[in-house]
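Beneath this line is the structure, given in structure tokens, with notes to follow.
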Amino acid sequence: MQESELAKQFDPSGIEDKWYEKWMEDKCFKPVPGNKGTFTTLMPPPNVTGKLHMGHALNHTIQDVLVRFKRMQGYETLWVPGQDHAGIATQAKVEQKLYKEEGLTKHDLGRDKFLEKVWEWKNEYGDHIINQVKKLGDSCDWDYFTFTMDEVPSQSVRKFFVDLYNEGLIYQADYIINWDPVLQSAISDAEVEHKEVQGNFYHIHYKVKDSNEVLEIATTRPETLYGDSAVAVNPNDDRYEHLIGKKAIIPICEREVTIIADKHVDMETGTGCLKVTPGHDFNDFEIGKRNDLEIISILNDDGTMNAKAKAVEGLTTKEARKKTVALLKEQELLIKVEPHKHQVGHGQRSDEVVEPRVSKQWFLNTEEMAKRSVAAVENDETKFYPKGWENTYFAYQKNPRPWCLSRQLWWGHQIPVYYCNSESCSNVWASETTPENCPKCSSNEFKQDPDVLDTWFSSGLYPLNTLGWPNEEAMKEKGFDKFYPTSTLTTGFDIIFFWVARMMMMCDKATGKNPFQDVYIHAIVRDIDGKKMSKSLGNVIDPLEMIDQYGCDALRFTLAVSSGYNRNINLDPQKIEGYRNFVNKVWNAFRFIHPYLENASDQGFQVDELHHHEKWILSELNDVIKSVTASFDEYRFDEACSAIYQFVYDKFCSWFIELSKGILNSQNDGLKTQRANVLKYCFREITRLLHPVTPFITEELWQHLKNEDESLLILQTWPEYKTEHSFDKDVHDMNLFMEIVSSIRNLRNSVNVKPKEEVEIRLFTDEVETAKYFYKSRGYFKELARVKAGRIKDKSAERPTRCVMKATTHTEIFMPLEGVIDIEEYKAKLHRDLVKVQKEHEKVEKKLNNPKFAENAPDEVVAEVKEKAAGFKEQINSIEESLKSLD
RNA sequence: GGUCGUAUAGCUCAGUGGGAGAGCACUUCGUUGACAUCGAAGGGGUCGCAAGUUCAAUCCUUGCUACGACCACCA
């Protein structure tokens, strides 16, 4: 047989782009109606400023595996790609560029000009990440590509906003919010990250008016005292009861405030006495509301102190703290300073300390929506995989707080609320379209609210607007009714609240239907030590580099086999290398069968003419098809990949191919075509099974395996379990065969017989069927264990002397000694074997001797244990005998 | 402080109420016509600790310890 003309090693570099282009050209990513219903999934839209990282690679690999799997199963499969405008990140990027290149700020340009610049930037660089994404092999329908600021998403945002505004769920209010002084914008609670900071407790004396008494107050932020509106104590605190209602004097600014009682104050904490700053503290804001206190704002937009804090005006909060402490010291009002570790909120984007501040912002009341979104998960309309993540979701959704929607940015969806300029009218209204005039007074003098919406507001409507909602024409074109609700959302746990929860609430609110059947939460990719990958740590593994080095299939397999219900993936490039080797193994397995394919026909094979080994491999193939399908259905990519790996590597390559070598090369075999057809059948099934995970190499191989009338592998059907390919007896026998071959190899190895050297073997077994089978298989023992001659006898026969032996539960294997071996070493080995088996035997015997065991355990278990005990006993006997004979 | 999670081979992690698994790493041997990105064989684990349930616990329950994530809290 001639050798395959294929290269000895698989080279992915040439074929990846080739196949991706071919798939696109043939429109293979488009949904095709079938009789199994639809499968829809949404790509979490990468940020327009983004660069492809391992998290994307993982997220996209999983989705592509699912999508290719479902497509092959015959579902009308749609994967919608998109891109997010990423308000803050993008605006910041363009601002930086503008300043660096032209020395201008956005204010120098003005809003319209600046937005033009952002669009220019978007058009120039926005495709960057999309092109990177394509390198992963994503089989998404690019005709559905949606940018979150496209026309339809803009319509969806405006419609949703206006509807909820008119319903009274979206409202404007003066409320304490998180103010990011770098962005100079409000941010939502979710965008605040708490970090532990080493600070101090400053103990300050507040004098009590018309009294000699002083109140000792502990605070971590002395600079906020300029905004104090009260001093509060617990109503039950005896120490201060007599002071309630009196006035306290704020140091430095010498302002008088009332001493009030409020239940929020904890008598145990600090001095039990609290300064109340409703304008700059979340709890104090609540106290202020309860006690009708004045809100004093002491901060400018940029985080510096304003005129209300005269003594420190113009300073940053940090500087103000320093100076305030110095002033207090001067006035001898600073009692002590204790170091104190505490959690301080930082802006997710800016990483600066967030200042609580009262300002007028737009809010969305999510109470009712959150309730419905909880119910949807509780009654399994939407299922989380792994289920445990429901808890995280509930934690957020069961305690809904008003969502601060407005951002003081320019890049984003501008809030569709309009203010009439006419003084006599001053109408405020929301409108889905840009109005011509005020609907109340018809004046054409009005202005739009300058703020934009939180980026997550538009992301929250993503399942709808990617499918055309609310534009009827677009909905029809994109098949909204068919594809919504979607099937599976695949994302990371870090955005369960940011994104998943918001989509659940908003989409249900808009349509009355939950957006997802399943939500699969995958792991976070970390470095080998479990640390988060970050530029500053220098531990980033670049997916594109890995693809370059090992091929996309290898990277995808690595990520998929690492994904199940786990939370972390500690990625090691060595692992990718390992699976590159596996991909290469598949390639070489194909190289082996390739020459034989010329004997194959289109006729398939006759089941009743199958060889024992063929029955075995078909049976094993059957099993792996079953388990892989089940694993994919449960998002157990780790199980699915391991099952395929094991089948291909161990069963198919190590045993089946090795066993086939003899048969296939025999010239006289009248069943050449049949053999070739079985081989071809198996490999076709293997490429199908592997295709979702390793699409490139399988598509490449498919070209050699497909019949003339067949199209690309991506469009082929998924393998199915076939009862007629299930052969239990052959599986049983093969397992015996493999066990004995391994044992013979073990024996050879233990006495250093060279691999090439042929040995004589004697097998002793009392199982007649087994003995017959071994006899029939003698040729294969010869092939795989280099046995030149063998005899099979029953156990009553006399054992040979000058042999090494190994016992299984059913068969003893004896191999005559050639030349000299170290008898003592060999005896030691037998002893080790003996001890092992004895231990097992003891365990089982102990169990059997327990009368309660026989009483309570199911009969099958008892029988099983008995059988085991007998097996172990036989092994012990034969090893002991062997030891005796050596003595 | 609250919630959730994790503890299994040197490393990364599967797993099951009834004889402990995989990949990688390690040791020994091997240039066998698919593959040295390979092959064969092997060593290595009181399944975190303690108690309970059970005929039987690595698996179920409780407690403890360690680690991690998230949430809350700037007195």
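Predicted model only: the values in this text are computed from it and were never measured. Residue numbers start from 1 in every chain, and the chains themselves are labelled A, B, ... in the order their sequence lines are given, proteins ahead of strands.
- In this structure the side chain of A:Phe637 never reaches within 4.5 angstrom of the side chain of A:His522, judged on heavy atoms.
- Using a 4.0 Å heavy-atom cutoff across all strands shown, A:Asp281 reaches sugar-phosphate atoms only and no base atom.
- Counting any heavy atom pair closer than 4.0 Å across all strands shown, A:Val265 reaches a base atom.
- A:Ile259 has its side chain out of reach of A:Tyr240: every pair of non-hydrogen atoms, C-beta onward, lies at least 4.5 Å apart.
- OP1 and OP2 of B:C71 both lie 4.0 Å or more from every side-chain N or O belonging to A:Asn399.
- Here B:G39 is the nucleotide among B:G39, B:C73, B:C55 with the atom lying nearest to any side-chain atom of A:Lys585.
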Handout entry: Audit row: A:Gln875, A:His841, side chain to side chain donor-acceptor pair (under 3.5 Å) steps and yes/no
Key = CA-CA 10 Å; A:Gln875 281 189 64; A:His841 185 246; over 6 Å; no

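- A:Lys788 and A:Glu758 are not joined by a salt bridge, as no carboxylate oxygen comes within less than 4.0 angstrom of a charged side-chain nitrogen.
- Distance NZ (A:Lys275) to P (B:C74): 12 Å, rounded to an integer number of Å.
- In this structure, A:His594 has its ring center under 6.0 Å from that of A:His704.
- In the set B:C70, B:A34, B:C73, B:A34 carries the atom at the smallest distance from any side-chain atom of A:Glu658.
- Proximity of A:Met546 to A:Ile541: side-chain heavy atoms (C-beta onward) are separated by under 4.5 Å at one or more points.
- Residue A:His280 places no side-chain N or O under 4.0 Å from the OP1 or OP2 atom of B:C74.
- Ring orientation note: the planes of A:His203 and A:Phe201 are nearly perpendicular, at an angle over 60° on the 30°/60° scale.
- Closest approach to the A:Lys852 side chain among B:C74, B:C55, B:A75 is made by B:C55 (side chain taken as heavy atoms from C-beta onward).
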Collect all protein-nucleotide pairs involving nucleotides 17-27 of chain B in which both atoms are nitrogen or oxygen and the distance is under 3.5 Å.
from: B:G19; atom 1: O2'; to: A:Glu840; atom 2: OE1; distance (Å): 2.3

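- In this structure, A:Arg636 forms a cation-pi arrangement with A:Tyr565, its terminal cationic atom sitting closer than 6.0 Å to the ring centre and no more than 45° off the ring axis.
- Checking A:His264 against A:Asn391, the closest nucleotide of RNA chain B that is more toward the 5' end is the one next to A:Asn391.
- Between A:Arg221 and A:Asp281, at least one side-chain N (NZ, or NE/NH1/NH2) sits under 4.0 Å from a carboxylate O, which counts as a salt bridge.
- A cation-pi arrangement is not found for A:Lys680 relative to A:Phe683, the charged atom failing to lie both closer than 6.0 Å to the ring centre and inside a 45° cone about the ring normal.
- What separates CE of A:Met267 from C1' of B:A75 is a distance of 15 Å, to the nearest Å.
- Out of B:C55, B:C74, B:C35, the shortest distance to the side chain of A:Val353 is found at B:C74.
- Of the candidate nucleotides B:C38, B:A75, B:A41, B:A75 has the atom nearest to the side chain of A:Thr220.
- Nucleic acid contact class of A:His594 (heavy atoms, under 4.0 Å, all strands): none.
- Using a 4.0 Å heavy-atom cutoff across all strands shown, A:Thr219 reaches sugar-phosphate atoms only and no base atom.
- Projected onto RNA chain B by closest heavy-atom contact, A:Lys756 and A:Val354 fall at different nucleotides, the more 5' of which corresponds to A:Lys756.
- For A:Lys661, taking side-chain heavy atoms from C-beta onward, the closest of the listed nucleotides B:C35, B:A75, B:A34 is B:A34.
- Within the nucleic acid shown, A:Ser742 comes within 4.0 Å of sugar-phosphate atoms alone, with no base atom in reach, counting heavy atoms only.
- Base contact: A:Arg221 has a heavy atom under 4.0 Å from a base atom.
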Pull out every protein N or O sitting under 3.5 Å from an N or O of nucleotides 13-16 of chain B, one pair per line with the distance.
from: B:A14; atom 1: O3'; to: A:Arg636; atom 2: NH2; distance (Å): 3.3
from: B:G15; atom 1: OP1; to: A:Arg636; atom 2: NH1; distance (Å): 3.0
from: B:G15; atom 1: OP1; to: A:Arg636; atom 2: NH2; distance (Å): 3.2

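- Across all strands shown, A:Thr224 has no heavy atoms under 4.0 Å from either base or sugar-phosphate atoms.
- Using a 4.0 Å heavy-atom criterion, one finds that A:Phe10 contacts no nucleic acid atom at all.
- Closest to the A:Phe493 side chain, of the nucleotides B:C74, B:A69, B:C38, is B:A69.
- No side-chain heavy atom of A:Asn581 sits less than 4.5 Å from a side-chain heavy atom of A:Val583.
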Practice task
Could you walk me through whether A:Tyr645 and A:Tyr579 pass ring pair (Phe, Tyr, Trp, His ring centres under 6.0 Å), step by step?
Solution key: CA-CA 9 Å; A:Tyr645 182 98; A:Tyr579 289 112; 5.8 Å; yes

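- In RNA chain B, runs of at least 3 stacked Watson-Crick or G-U pairs (N1-N3 plus N6-O4 or O6-N4, or N1-O2 plus O6-N3, all under 3.5 Å) give these stems: B:1-7 with B:65-71, B:10-13 with B:21-24, B:26-30 with B:38-42, B:48-52 with B:60-64.
- Among the atoms of the strands shown, base atoms are found under 4.0 Å from some heavy atom of A:Asp266.
- Residues A:Lys8 and A:Arg591 have side chains in contact (heavy-atom distance under 4.5 Å, counting atoms from C-beta outward).
- At a threshold of 4.0 angstrom between heavy atoms, the contacts of A:Lys836 are confined to the sugar-phosphate backbone, with no base atom among them.
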